[in-house]
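Per chain, numbering begins at 1; letters A, B, ... match sequence-line order.
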Amino acid sequence: MPLKVIKKVYVGMSGGVDSSVTAALLQQQGYAVTGVYMKNWSQDLPGFTCPWKEDYQDAKRVAVQLGIAFKMYDFEAEYRQRVVDYMVAGYQAGITPNPDIMCNQEVKFKLFLQAALDDGADAIATGHYARIVYDGADSLAGSAGSASLLAGLDPNKDQSYFLYRVTAQALSHSLMPIGDLQKPAVRALAKKLGLATAEKKDSQGICFVGKVGIKDFLLAELGPQTPGPIVDPAGKTIGEHDGALFYTIGQRHGLDVGGGLPYYVVGKDMAKNEVYVTTDLQDGRLWRRDVRLTSLHWINQPPTADRPYQVRTRYRAPLIGCHVRGGAGPADQLTVLLDDDVRAITPGQSAVLYDGPRVVGGGIVI
RNA sequence: UGGGGCGUGGCCAAGUGGUAAGGCACCAGUUUUUGGUACUGGCAUUCGGGGGUUCGAAUCCCUCCGCCCCAG
């Protein structure tokens with residue numbers, strides 16, 4: 001949707017600085033802004049109190065300060081089903097899913113967007129460090145669905161990695177105003193405006209669930225798991241793990257095996273409930289020069305084999321030059337050939353292709 | 001029960017008379033809207049037990065215990 005047509009914007013306010021400043025900026029720019037707190041999770045976990053009430057209050061406090069409308073959408077049931085269940089099922093299957101990517105795809109840019117539009121909004125906005133541009137933005141007659149996603153301008157905070165599964169259609173109804181800013185500038189702005197969340201620490205951990213270790217979370221969800229052997233390259237059992245599903249490729253800590261050099265997880269066999277480790281950082285199983293992807297998603301056009309791209313295999317990882325393999329193969333799969341060896345490519349995680357600053361899309365590592 | 005070797009924090013391991021390196025693990029913190037990685041800090045009043053020599057020992061002596069190897 002051409003920018004000029006957007007009047008009413010619903011801003012997803014999490015109770016953090018970024019979304020607070022997002023709301024403030026849009027208001028300054030003349031949009032009719034409504035703040036929305038998405039209640040996606042409220043469950044306390046052993047030793048961890050869910051901060052949703054506090055976050056809700058912070059979001060509301062900022063809305064009141066700005067004098068904008070404020071409401072709450074309750075997506076707990078859907079979040080549970082589409083994000084948490086997806087994540088837990090993935091771990092049980094032995095892969096390492098990325099719940100936040102699913103949260104963006106299913107909740108923020110699908111449920112939230114739809115609910116906002118149904119409520120009369122022209123667009124939603126989020127506090128992501130990413131940019132949305134319109135092909136042919138000069139001629140505002142550009143057709144719907146021509147929106148593209150670009151990396152945020154602050155290289156330290158760029159969150160476009162988490163957004164590669166959002167559709168162009170959804171992007172065309174979305175705004176991410178802080179994508180043009182550096183994080184320090186956002187903080188400074190919040191301070192200058194006296195926003196209640198100006199000094200609030202950035203949130204971490206699973207989006208909405210909070211700063212809970214994944215192991216503790218899975219333990220709470222699934223209960224204790226069956227212990228099994230930790231096996232070294234020689235085939236020798238050097239320790240015992242408390243459930244293979246808790247471990248992920250490249251992981252170093254949590255194995256409780258010491259002596260000499262650190263051990264890194266290089267693989268696991270869910271059927272045998274075995275975890276494989278090595279102390280050799282050169283171990284071939286730890287490095288890959290190609291990645292096979294499935295569940296592909298392209299925002300605009302799929303990549304073509306005749307030209308170079310860059311790929312990111314984990315959040316904040318440096319971009320690696322790459323090409324996609326053309327020719328035969330399942331339509332829903334793609335092989336990406338990397339210019340360099342990449343460590344600990346992990347099934348379940350996402351690889352995101354970039355064409356310069358533009359997010360082409362990506363897929364999930366097999 | 002002949003010969004040789006060893007026993008230092010959970011693990012690996014320096015240190016052979018001068019008052020316990022280092023690494024791994026673990027714990028805490030930092031970085032980080034997933035997992036993971038990385039970074040910083042903490043972590044043996046004590047060197048298998050007991051005696052002794054010495055101003056002073058994990059380091060020398062005696063003895064006991066426990067392992068390992070070669071012989072049997």
Handout entry: Nucleotide G36(B), atom P - distance to CZ of F217(A) in whole Å
Key = 14 Å

Practice task
Flag this pair as yes if the NZ/CZ of R61(A) is under 6.0 angstrom from the six-membered ring centre of Y56(A) and inside a 45 degree cone about the axis; otherwise no.
Solution key: no

Exercise for the section: Please state the C1' separation for the pair A20(B) and U46(B) - nearest whole angstrom. Expected result: 7 Å

Practice task
Have a look at G250(A) and say if it touches a base, only the backbone sugar-phosphate, or nothing, with a 4.0 Å heavy-atom cut-off.
Solution key: sugar-phosphate

Exercise for the section: Rounded to the nearest angstrom, tell me the gap between atom OH in Y263(A) and atom C1' in G10(B). Expected result: 14 Å

Exercise for the section: Mind checking T279(A) for me? I need base, sugar-phosphate or nothing, with any heavy atom below 4.0 Å counting as a touch. Expected result: nothing

Exercise for the section: Determine the Euclidean distance between corresponding P atoms of G3(B) and G52(B); express it in Å to zero decimal places. Expected result: 28 Å

Handout entry: Pair assignment for RNA chain B - dot-bracket with | for other-strand partners, Watson-Crick or G-U under 3.5 Å
Key = .(((((((.[[[..)..(...]]].(((((.......))))).....[[[[[..)....]]]]]))))))..

Exercise for the section: Could you tell me whether K215(A) atom NZ has more than 12 heavy atoms of other residues or ligands within 6.0 Å of it? Expected result: yes

Exercise for the section: Kindly point out which of U34(B), U30(B), C24(B) is positioned nearest to the side chain of Y315(A)? Expected result: U34(B)

Handout entry: Integer angstrom distance from the P of U54(B) to that of C12(B)
Key = 36 Å

Handout entry: Rounded C1' spacing from G4(B) to G10(B) in Å
Key = 30 Å

Practice task
Take the protein atom CG of L218(A) and the nucleotide atom P of U34(B), then report the distance between them rounded to whole Å.
Solution key: 15 Å

Exercise for the section: Classify the side-chain pair Q81(A)/Y79(A) by whether it contains a donor and acceptor separated by less than 3.5 Å. Expected result: no

Problem - Span that lies between the C1' atom of A13(B) and that of A28(B), in whole angstrom - result: 25 Å

Practice task
Tell me what K183(A) touches on the nucleic acid: a base, only sugar-phosphate, or nothing, going by heavy atoms under 4.0 Å.
Solution key: nothing

Exercise for the section: Could you tell me whether a side-chain N or O of Q310(A) sits under 3.5 Å from a main-chain N or O of L353(A), the two making a donor and an acceptor? Expected result: no

Exercise for the section: Write down the distance separating the C1' atoms in G22(B) and C65(B), rounded off to the nearest Å. Expected result: 30 Å

Handout entry: For atom OH of Y91(A) and atom C1' of G36(B), their distance in whole Å
Key = 8 Å

Set out, line by line, the N/O atom pairs under 3.5 Å between protein and nucleotides 26-28 of chain B.
residue	atom	partner	partner atom	Å
C26(B)	OP1	G254(A)	N	2.6
C26(B)	OP2	H253(A)	ND1	3.1

Practice task
Kindly indicate whether the side chain of I6(A), heavy atoms from C-beta on, has any atom under 4.5 Å from the side chain of Y31(A).
Solution key: yes

Fill in the blank from the handout: When F246(A) and G260(A) are each assigned the nearest nucleotide of RNA chain B, the 5'-most assignment goes to G260(A)

Exercise for the section: Sticking with atom C1', work out how far C11(B) lies from G72(B), rounded to a whole angstrom. Expected result: 35 Å

Handout entry: No-H, no-angle donor-acceptor pair, T346(A) side chain to G36(B) base, under 3.5 Å
Key = no

Handout entry: N or O in side chain of Y264(A) less than 4.0 angstrom from A38(B) OP1/OP2
Key = yes

Problem - Nucleotide U34(B), atom P - distance to CD of Q105(A) in whole Å - result: 18 Å

Practice task
Any chance you could measure K192(A), atom NZ, to L195(A), atom CG, to the nearest 0.5 Å?
Solution key: 11.5 Å

Practice task
Evaluate the side-chain hydrogen bond (donor to acceptor under 3.5 Å, both in side chains) criterion for residues T313(A) and Q349(A): first the C-alpha distance (whole Å), next the side-chain angles of each, then the deciding distance (0.1 Å), finally the verdict.
Solution key: CA-CA 7 Å; T313(A) 54; Q349(A) 291 283 290; over 6 Å; no

Exercise for the section: Cation-pi check, R312(A) to Y354(A): give yes when NZ or CZ is under 6.0 Å from the six-membered ring centre and within 45° of the ring axis, no otherwise. Expected result: yes

Problem - Distance between C1' atoms of C6(B) and G48(B) (Å, rounded) - result: 11 Å

Handout entry: Heavy atoms from other residues, nucleotides or ligands near CD of E78(A) exceed 12 (cutoff 6.0 Å)
Key = yes

Problem - Donor-acceptor side-chain pairing of S20(A) and T197(A) below 3.5 angstrom - result: yes

Handout entry: Whole-Å gap separating P (G35(B)) and CG (D216(A))
Key = 12 Å

Practice task
Could you state the atom-to-atom distance from CD1 of I238(A) to P of C12(B) in whole Å?
Solution key: 12 Å

Problem - Minimum-distance nucleotide (side-chain atoms of K201(A) versus U34(B), U30(B), G35(B)) - result: U30(B)

Problem - Spacing of L281(A) atom CG relative to C24(B) atom C1', expressed in whole Å - result: 13 Å

Problem - salt bridge (charged side-chain N to carboxylate O under 4.0 Å, His left out) between K71(A) and D119(A), worked out - result: CA-CA 11 Å; K71(A) 51 179 64 180; D119(A) 212 21; 2.7 Å; yes

Problem - N/O donor-acceptor pair, side chain Q349(A) with base U34(B), under 3.5 angstrom - result: yes

Exercise for the section: Under 4.0 Å between any heavy atoms, over every strand shown, what does R343(A) touch: base, sugar-phosphate, or nothing? Just pick one. Expected result: sugar-phosphate

